Amino acid sequence: MRFRDDFFQYTVGFLMPGMNKQLPDVYDFLQNEGIVVAVKDKIKISKQQAEEIFSEHVEAEYWPALLSTVTKKKVNAFVLAHFHAVDVWSDLVGPEVFTNPVREGALPFTSSKNPEFGSGYGSKTIEDVERDLKWFFPSFSPVIHFRAILNRVLRHRFFICPSFEIYAGVKGLYDYGPQGTQMESRELDLWKRHFVRDNVYMMKCTALTPEPVLKASGHVKRFTDAMVADENVTPVEHFRADHLLEDQIEKLLALNEEERAAALQTLREQAPEENVHLLDDLESKENLDALMVAVDGLKVEEMGKLMSCFEIYNPNVSYEDMKDEEKAKHRLLNPFDFNLMFKTSIGPSGKSVGFLRPETAQGLFVNFQRLYAENGKKLPFGGAQLGIAFRNEIAPRSGLLRLREFMMAELEFFHSPHGSECPLLYTVEDVVLPLFDRERQNAGGEPLLVTVKDALEQGHLKNVWLAYFLGRAKLFFTEIGIDPERLRFRQHLDHQMSHYASDCWDAESLLSYGWTEIAGFADRHAYDLNAHMKGCGADLRAFIDYPEPKIVRKFVATPNKKVLGRVLRKQFGDLTTLLAEASEEELISMNELKEKGEFEFNGHNISNDVEFIWEESTVTGEFVVPAVIEPSFGVGRVLYTVWEHCFRVRPTDARRIYFEFPIAIAPASFVIIPLRADCEKTLSLVREVKEHCHRLNIKSITETANISIGKRYARTDEIGIPYAVTFDTQSLEDGSATIRDRDSGDQLRVPRDEIPSALQNLASSHWTWDNMCEEFEAFENKVEF
């Protein structure tokens with residue numbers, strides 16, 4: 001927690017006791033989206049101070065009530081301090097009104113039941129709440145409100161929480177609670193079912209990696225982000241250069257054409273003469289959109305030139321009444337590369353340098369020989385790994401999407417560089433992919449909907465294994481609850497290509513943050529294996545058989561060991577190495593010198609002691625460095641996408657929140673509810689169903705809270721449990737139970753002896769709720785929430 005006294009007067013807002021409970025969305029939003037909320041002692045303000053701070057509301061009819069509230073009662077003053085550059089919510093930092101929404105007359109809250117003054121969230125629709133929040137924050141959009149509610153639910157129901165929260169937390173670190181942990185586990189199980197099949201082998205490699213490995217892979221040199229620093233504040237503050245530039249571009253995009261032209265003219269007047277041409281053509285929205293896409297691929301020198309054309313200042317500093325020369329000290333220029341790996345030392349001497357791995361892939365590459373042997377020394381095959389990776393992000397933001405420690409699911413699939421058939425293609429060839437290739441991006445078009453088979457035949461995808469994994473990923477994403485309408489596969493533009501990739505596609509989902517990468521699919525060709533062979537000298541080649549044996553004619557040189565061994569002594573080994581490594585052209589040149597009697601080695605004429613001949617041999621195959629296809633999934637990003645895409649609010653009541661998780665990914669498949677938790681007969685029925693679920697490896701939970709049945713349903717809806725099995729008073733007579741569908745709220749009466757099969761069919765997705773409705777009698781019961 002931090003704030004600045006000199007910043008206080010510009011960022012103070014007032015919060016009556018209970019606001020964090022009445023409007024938790026606002027409270028959590030401020031904490032989660034890059035604004036720190038620091039509480040000072042309760043204070044009282046004068047009428048003059050109130051008129052200055054709430055000047056926009058002085059003429060309103062509710063002004064007397066508001067004035068009385070903030071001048072006659074002590075209130076909690078909350079300081080809202082920016083600590084990194086934010087985008088759409090930056091306008092929230094300012095003197096906004098916070099008062100008690102449940103105090104009659106304090107605010108013009110309205111609802112359908114009370115058109116004059118509402119009472120917090122009671123009986124409000126989501127539209128009511130969003131309108132009221134818009135009054136609190138003029139820039140508070142439905143998208144931001146959605147994210148605020150979602151994050152509150154995720155924290156309140158302990159899907160996730162900030163790590164070390166009681167110590168004020170650390171940016172970019174989160175813990176998973178019981179719901180999040182269970183969902184991540186089920187996500188990984190589904191990932192393995194989709195991708196770890198046939199000749200793909202699971203591994204678990206160490207996260208601590210010696211420096212030579214990452215030097216060979218290129219990470220020590222290239223795994224960087226461009227960073228700028230403001231050294232005129234204490235402590236020194238750092239920012240990602242591309243994020244600052246993106247913020248400037250977004251501001252230009254928000255202007256109309258006339259305003260944009262005027263803003264660019266102002267920038268041209270102050271930009272360095274040698275860089276002013278970079279602002280050319282930015283009046284066009286299309287060119288600004290293209291620049292936005294290209295920013296993160298610019299070299300650090302290019303970013304520096306572009307930053308010199310904009311007036312970018314430390315966003316965490318208040319410039320009110322600051323002189324120009326003082327403000328100039330906080331201008332952000334001259335970005336430099338910052339390596340994102342966490343560096344450490346291995347052993348007590350501190351001389352052996354290591355890093356926490358930034359990806360899991362290198363452990364698979366360095367174990368290539370063992371994986372190759374495990375597959376019977378045949379191509380193709382793959383190695384897969386689930387594990388933690390670490391990246392020392394400069395300024396983590398976007399909640400769970402950019403973390404410093406995160407789970408990855410990666411697969412390195414090795415195949416012949418000459419191409420190979422994919423025997424599994426038939427399993428995905430009819431899957432429809434939304435392909436957003438380079439041509440459509442550059443033309444400002446929409447993704448192409450095309451089957452995997454047609455994408456290969458029409459040349460949209462060049463590699464059959466890459467196409468297979470894209471199809472497999474689409475099936476995986478759909479099964480775990482990601483909306484296909486908000487999913488696309490975007491091909492990297494030329495300037496976005498990683499140093500190791502010859503082709504690369506990102507799976508992107510549409511979130512409240514915009515289109516966001518959740519997985520990557522790279523054709524790494526043979527980059528990594530070649531790099532490690534060069535780095536350590538190991539042989540990381542594979543032998544591939546020819547369809548038919550080949551007769552190979554080869555020019556070879558054979559030295560006379562008896563003669564030359566005596567003449568050259570220790571230098572004879574150098575000669576044999578020279579002859580063995582020489583190309584055919586070089587050997588032919590040597591033979592020409594021999595025929596002239598001029599073939600010499602280290603001062604010795606050896607024309608008569610080396611024989612050059614053409615040899616023919618039958619060859620059944622050759623050694624090659626395998627090509628690699630890499631599907632790489634950000635497990636947390638995929639899971640957050642599921643949370644956003646499956647989030648629902650009951651249309652009649654904004655308090656009724658639930659997640660429409662598929663049964664395969666939900667924290668549990670069933671909740672078992674005894675209506676009477678003190679009845680032994682009811683509890684024996686609960687134990688019977690729990691034991692059945694346990695034997696079939698079906699995850700279930702029991703809800704016995706001392707609250708109404710409606711509230712119990714609401715609690716389990718809030719964590720996305722698909723079905724509720726309830727034992728009520730009729731259960732005491734015949735052992736039957738009601739099964740409730742989370743999404744519709746409908747219930748069915750199921751006889752005791754059919755409960756196990758019904759649960760098994762639902763858990764395996766063999767049955768849908770429609771199938772259940774065909775089999776069992778509807779149960780009509782009005783549940784009060």
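Small disclaimer: the values here were computed from a predicted structure and weren't measured. All heavy atoms count here, side chains included; hydrogens, waters and symmetry mates do not. We count residues from 1, following the sequence as given.
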So do the side chains of P417 and V625 get within less than 4.5 Å of each other, counting heavy atoms only? no

Side chains of M590 and V610, heavy atoms from C-beta outward: is any pair under 4.5 Å? no

To the closest 0.5 Å, what do you measure between OG (S617) and CD1 (I551)? 7.5 Å

In Å, rounded to the nearest 0.5 Å, how long is the span from CG of L435 to NE2 of H460? 7.5 Å

dist M307:CE -> L278:CG (nearest 0.5 Å) comes out at 13.0 Å

Criterion ring-ring contact (aromatic ring centres under 6.0 Å, His included) against F633, the qualifying member of F469, F406, F521: F521

Within the supplied structure, the quantity of interest is the number of heavy atoms (other residues, nucleotides, ligands) at a distance under 6.0 Å from R197 CZ; does it exceed 12? yes

Return the minimal non-hydrogen interatomic distance between P272 and S308, and the atom names on each side. CD-O, 3.3 Å

Are any non-hydrogen side-chain atoms of F390 and M341 less than 4.5 angstrom apart? no

Answer yes or no: is there a donor N or O on one side and an acceptor on the other, between the side chain of K534 and the main chain of A216, under 3.5 Å? no

Nearest heavy-atom neighbours spanning T576 and G573: OG1-O, 2.8 Å

Between F414 and F381, what is the ring plane arrangement, given parallel below 30°, perpendicular above 60°, and tilted in between? tilted

Where the side chain of Y468 meets the backbone of Y426, is there a donor-acceptor pair that is under 3.5 Å apart? no

Please check if atom CD in E622 has more than 12 non-hydrogen atoms from other residues, nucleotides or ligands closer than 6.0 Å. yes

Got D528 and F368 here, is their nearest side-chain heavy-atom distance under 4.5 Å? no

Using atom types as modelled and distance alone, determine if a side-chain donor or acceptor of T641 lies under 3.5 Å from a backbone N or O of R637. yes

I would like to know whether D503 and N463 meet side chain to side chain contact (heavy atoms under 4.5 Å, CB included); could you show each step before the answer? CA-CA 9 Å; D503 191 17; N463 186 293; over 6 Å; no

Do S163 and D175 pair up side chain to side chain, a donor and an acceptor below 3.5 Å, judged on atom types alone? yes

Over 12 foreign heavy atoms within 6.0 Å of CD, E231: no

Could you pull out the closest heavy-atom pair between L487 and P434, with the gap in Å? O-CG, 3.2 Å

Are F543 and Y372 close enough that their ring centres sit under 6.0 Å apart? no

Are any side-chain N or O atoms of N199 and backbone N or O atoms of P380, one a donor and one an acceptor, separated by less than 3.5 Å? yes

Please round to the nearest 0.5 Å and tell me the distance separating atom CG of L639 and atom CG of L400. 8.5 Å

N-O pairing of R240 and E393 below 4.0 Å: yes

Check whether S607 reaches the backbone of F599 with its side chain - one donor and one acceptor, N or O, closer than 3.5 Å. yes

Side-chain heavy-atom pair F223, F355 within 4.5 angstrom cut-off: no

Between R357 (side chain) and C205 (backbone), is there a donor-acceptor pair under 3.5 Å? yes

Show, in sequence, the C-alpha distance, side-chain angles and deciding distance for V452 and D430, and conclude whether the side chain to side chain contact (heavy atoms under 4.5 Å, CB included) test is met. CA-CA 6 Å; V452 172; D430 294 326; over 6 Å; no

So, E479 and R193, do they make that salt bridge, N to O below 4.0 Å? yes

Determine yes or no for a side-chain-to-main-chain donor-acceptor pair under 3.5 angstrom, with E211 supplying the side chain and V353 the backbone. no

Using a cut-off of 6.0 Å, state whether more than 12 heavy atoms not belonging to Y546 lie near its atom OH. yes

Donor-acceptor contact present, side-chain E412 to main-chain L364, <3.5 Å: no

Just checking, R488 and W515: is the charged tip under 6.0 Å from the six-membered ring centre and within 45° of the axis? yes

The residue among T209, L340, L214, N339 that forms side-chain contact (heavy atoms from CB on, under 4.5 Å) with P358 is L214

Would you say the side chains of D539 and Q369 form a donor-acceptor pair under 3.5 Å? no

Closest non-hydrogen contact found for V464 with S420 is CG1-O, 3.3 Å

Heavy atoms, side chains only, cut-off 4.5 Å: are I518 and I482 in contact? yes

Ignoring hydrogens and angles, state whether a donor on the side chain of Q362 or H532 is under 3.5 Å from an acceptor on the partner side chain. yes

Between S416 and H418, does a side-chain hydrogen bond (donor to acceptor under 3.5 Å, both in side chains) hold up when you go through it step by step? CA-CA 5 Å; S416 170; H418 305 319; 5.0 Å; no

Are R186 and D189 close enough, and set up right, to give a salt bridge (Lys or Arg N to Asp or Glu O under 4.0 Å), and what steps lead you there? CA-CA 5 Å; R186 301 191 83 178; D189 287 342; over 6 Å; no

Would you find a donor on one side and an acceptor on the other, under 3.5 Å apart, between the side chain of Q441 and the backbone of Q491? yes

Minimal non-hydrogen separation, R404 against F342, with atom names: O-CE1, 3.9 Å

Rounded distance (nearest 0.5 Å) linking atom CD1 of I606 with atom CG of D609: 7.5 Å

Side chain to side chain contact (heavy atoms under 4.5 Å, CB included), that's the test. Do V635 and W191 meet it? Break it down for me. CA-CA 10 Å; V635 173; W191 187 88; over 6 Å; no

Do T427 and R472 get their side chains close enough for a donor-acceptor pair, meaning under 3.5 Å? yes

Considering all heavy atoms of both residues, which atom of G471 and which atom of V428 are nearest to each other, and what is their separation? C-CG1, 3.9 Å

Within the 4.5 Å heavy-atom criterion, are D242 and M303 side-chain neighbours or not? yes

Do T224 and F338 have side chains that get closer than 4.5 Å, going by heavy atoms? no

Can you measure from CG (L244) to CD1 (I249) and round to the nearest 0.5 angstrom? 11.0 Å

Looking at F476, is its backbone amide N or carbonyl O close enough to the side chain of T478 to form a donor-acceptor pair, meaning the two atoms are under 3.5 Å apart? no

Side chain to side chain contact (heavy atoms under 4.5 Å, CB included) for V228 and N334? Distances and angles first, verdict last. CA-CA 7 Å; V228 289; N334 304 319; over 6 Å; no

